[in-house]
Amino acid sequence: MNKLLTALALTGCIFNISCTSTAQSQVQNTGKNMINLEKTRPYCIGRYVVDIPVEAKPLKRFDQYDSFIIKVIDNATRQDFDAAVQKRKKEYSEYDWFITEDPAEQKNTGRLTKTLKGKKSKDQGSPFTVFGFILDKNTLFLIEGNHSDTPRFTKESNEAMQHLIKDLRYRAENEIPKENGQCIYQGFIKDNDKIFRYSEQSLGFDFEKYPTLVLRFKSETTFDVVTPLIPRIEQNLKKAGLGRLIAPATIRKGEKNTQHLTGQEWISVQKMTGKNGISAVWEHVGTTRKNQDPLIEFETDTGYETQENKSASLAQVDALKLYESILKTIRKF
């Protein structure tokens, strides 16, 4: 994903020209924070742990590991496992699609596992589609990816899939692993880190009592060097001719290191129809091509406007308290 675009999306106020005339660069204290910042539970995203207030509700996650997208079915049974396998087999029995590999299912440390591989064309050079299925403790992991038919990429994809089949297990959502590896939703992938593996995870939270408040996290092991947050946003603003539009809406920006990680932050006012919200974005860029030090982004956004909610539901000063209280807990496990 283009990290410049991601950063611009996180600071959504810059796309609204009216922000320059009405947004205020100072924090407005208009209420009392009713979120209990002392009562939290841990969540694991990629290689990181963060403590989130218990009243926050986790949203749907996205998990990519190596070239594979991993989805999860909760409260799954053997029948769900069989149905998922048969669904793919049926798909690849129609049109000109066909299955190329269909090994027998296996039981591995109490987990039921299977893989499939198919093609959508008999043309030379057409890619393979790869599927993996893991049933562990009533949790079904559905793995999907593809690779070209060259020997190199076939070998790499086979190794990556077998790694998941062997090392992906169920993990309770608030369990923090004590061994080396990576968290996904309801799962943990044990890894010795001898091979670089691209990964990307995203996780969000909302709050029933604060409908315009959203917390967003993203973790990514990066292929290429990533420009730090502030110069990246500034460069993109300059390219778009928007540099002068963001300044009046900025509350603060600069280096922001914690006890655990180095990073940068950019906090700005989010223009809303009613009372304005804020977007507080922090990022640790990590180390390129290093599994143990992924990029991690965190945003506290109180400007999530809908038809029903057009005014910030949490005071700006209290949103910053929430942001600071969560930020200091982001750490590697």
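What you see below is based on every heavy atom in this structure, not just the backbone, and it leaves out hydrogens, waters and symmetry mates.
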(request) Dump the intermediate steps for side chain to side chain donor-acceptor pair (under 3.5 Å) on Thr150 and Arg152, then the final yes or no. (result) CA-CA 6 Å; Thr150 63; Arg152 173 192 166 189; over 6 Å; no

(request) Please report the C-alpha distance between Thr287 and Gln292 in whole Å, then the side-chain angles of each, then the deciding distance to 0.1 Å, and finally whether the side-chain contact (heavy atoms from CB on, under 4.5 Å) criterion is met. (result) CA-CA 8 Å; Thr287 304; Gln292 303 96 318; over 6 Å; no

(request) Dump the intermediate steps for salt bridge (Lys or Arg N to Asp or Glu O under 4.0 Å) on Asp96 and Lys122, then the final yes or no. (result) CA-CA 8 Å; Asp96 292 328; Lys122 294 181 180 179; over 6 Å; no

(message) With side-chain contact (heavy atoms from CB on, under 4.5 Å) as the criterion, how do Glu200 and Lys218 come out once you've worked through the C-alpha distance, each side chain's angles and the decisive distance to 0.1 Å?
(response) CA-CA 7 Å; Glu200 181 181 340; Lys218 179 181 176 181; 3.3 Å; yes

(message) Quick one, Ser126 with Ser121, criterion side chain to side chain donor-acceptor pair (under 3.5 Å). Give me CA distance, side-chain angles, the key distance, then yes/no.
(response) CA-CA 6 Å; Ser126 65; Ser121 172; 4.5 Å; no

(request) Run the numbers on Tyr323 and Asp318 for side chain to side chain donor-acceptor pair (under 3.5 Å), then give the verdict. (result) CA-CA 9 Å; Tyr323 161 76; Asp318 295 326; over 6 Å; no

(request) List the steps and the verdict of side-chain contact (heavy atoms from CB on, under 4.5 Å) for Thr258 and Ile330. (result) CA-CA 9 Å; Thr258 71; Ile330 300 175; over 6 Å; no

(request) Evaluate the criterion side-chain contact (heavy atoms from CB on, under 4.5 Å) for residue pair Arg232 and Glu283; output intermediate values, then yes/no. (result) CA-CA 11 Å; Arg232 188 169 75 243; Glu283 181 182 88; 2.9 Å; yes

(request) Please test Glu173 against Arg61 for salt bridge (Lys or Arg N to Asp or Glu O under 4.0 Å), starting from the C-alpha separation and ending with a verdict. (result) CA-CA 12 Å; Glu173 183 64 345; Arg61 294 181 63 150; 3.4 Å; yes

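Open room surrounds NZ on Lys57; 12 or fewer heavy atoms of other groups in view lie less than 6.0 Å from it. Other residues, nucleotides and ligands place more than 12 heavy atoms under 6.0 Å from the NZ atom of Lys332. Counting non-hydrogen atoms of other residues, nucleotides and ligands closer than 6.0 Å to CD of Glu175 gives a total above 12. Heavy atoms of other residues, nucleotides or ligands lying less than 6.0 angstrom from CD of Glu179 number more than 12. For Asn75, the CG atom sits in a loose shell: 12 or fewer heavy atoms of surrounding residues, nucleotides or ligands are nearer than 6.0 Å. Within a 6.0 Å sphere centred on NZ of Lys166, other residues, nucleotides and ligands contribute 12 heavy atoms or fewer.
Evaluation of the side chain to side chain donor-acceptor pair (under 3.5 Å) rule for Tyr304 yields no partner, not counting sequence neighbours. When the side chain to side chain donor-acceptor pair (under 3.5 Å) test is applied to Asn180, the partners found at least two apart in sequence or on another chain are Asp193. Legend: residues meeting ring-ring contact (aromatic ring centres under 6.0 Å, His included) with Phe141, ordered by chain and number and at least two apart, are absent. The ring-ring contact (aromatic ring centres under 6.0 Å, His included) check on Phe81 picks up nothing, with sequence neighbours excluded. For Gln162, there are no side chain to side chain donor-acceptor pair (under 3.5 Å) partners, not counting sequence neighbours. Contacts of Phe223 classified as ring-ring contact (aromatic ring centres under 6.0 Å, His included), with partners at least two apart in sequence or in another chain: Phe196, Tyr198.
With a 4.5 Å cut-off on side-chain heavy atoms, Ile73 and Thr139 do not count as touching. Counting only heavy atoms from C-beta outward, the side chains of Ile195 and Glu159 approach each other to under 4.5 Å. With a 4.5 Å cut-off on side-chain heavy atoms, Glu234 and Lys253 count as touching. No side-chain heavy atom of Val269 sits under 4.5 Å from any side-chain heavy atom of Thr250. The shortest side-chain heavy-atom distance between Thr212 and Leu314 does not fall under the 4.5 Å cut-off. At a threshold of 4.5 Å between non-hydrogen side-chain atoms, the residues Leu261 and Arg331 do not count as touching. Contact of the Thr129 side chain with the Lys119 side chain is not registered, since no non-hydrogen atoms from C-beta on lie closer than 4.5 Å. The shortest side-chain heavy-atom distance between Trp266 and Ile230 falls under the 4.5 Å cut-off.
Remark: aromatic rings of Phe153 and Phe128 are distant, center separation not under 6.0 Å. Proximity of the aromatic rings of Tyr43 and Phe205 is defined here by a centroid distance below 6.0 angstrom, and this criterion is met. A centroid separation of 6.0 Å or more is found between the aromatic rings of Tyr48 and Phe298.
In this structure, a donor-acceptor pair under 3.5 Å is absent between the side chains of Asn309 and Tyr210. No side-chain N or O of Gln182 forms a donor-acceptor pair with one of Asp191 less than 3.5 Å apart. Counting only N and O atoms by type, the side chains of Thr77 and Asp80 include a donor and acceptor under 3.5 Å apart. Side-chain N/O atoms of Asp66 and His163 include no donor and acceptor closer than 3.5 Å.
For Lys117 and Asp102, the salt-bridge test fails: no basic side-chain N is under 4.0 Å from an acidic carboxylate O. Ionic pairing of Lys89 and Glu94 is not present here: no N-O contact between side-chain nitrogen and carboxylate oxygen is shorter than 4.0 angstrom. Arg41 and Asp51 are not joined by a salt bridge, as no carboxylate oxygen comes within less than 4.0 angstrom of a charged side-chain nitrogen. A salt bridge does not link Lys271 to Glu305: none of the charged side-chain nitrogens sits closer than 4.0 Å to a carboxylate oxygen. Electrostatic pairing of Arg216 and Glu299 counts as a salt bridge here, judged by a charged N lying under 4.0 Å from a carboxylate O. Residues Glu91 and Arg88 are paired through a salt bridge, judged by an N-O separation under 4.0 Å between the basic side chain and the carboxylate.
Closest heavy-atom contact between Phe68 and Ala160: CE1-CB, 3.6 Å. The two residues Gln270 and Gly303 come nearest to each other via the heavy atoms CB-CA, 4.1 Å. Contact record, Leu203 with Leu59: CD1-O, 4.1 Å, taken as the closest heavy-atom pair. Counting all heavy atoms, side chain and backbone alike, Thr302 lies closest to Ala319 at CG2-CB, 3.5 Å.
Without hydrogens or angle criteria, Ser311 side chain to Lys275 main chain gives a donor-acceptor distance under 3.5 Å. Counting only distance, with no hydrogens or angles, the side chain of Arg169 and the backbone of Arg111 share no donor-acceptor pair below 3.5 Å. When atom types are taken as modelled, the side chain of Asp63 and the backbone of Tyr185 share a donor-acceptor pair closer than 3.5 angstrom. A donor-acceptor distance shorter than 3.5 angstrom exists from the side chain of Glu55 to the backbone of Asn36, with no hydrogens or angles considered. Not a single donor-acceptor pair under 3.5 Å links the side chain of Thr300 to the backbone N or O of Leu215. For Arg78 (side chain) and Asp82 (main-chain N/O), no donor-acceptor pair under 3.5 Å exists by modelled atom type. Using modelled atom types, one side-chain atom of Thr221 and one backbone atom of Ser199 make a donor-acceptor pair closer than 3.5 Å.
Cation-pi geometry between Lys256 and Trp282 is not met at under 6.0 angstrom from the ring centre and within 45 degrees of the axis.
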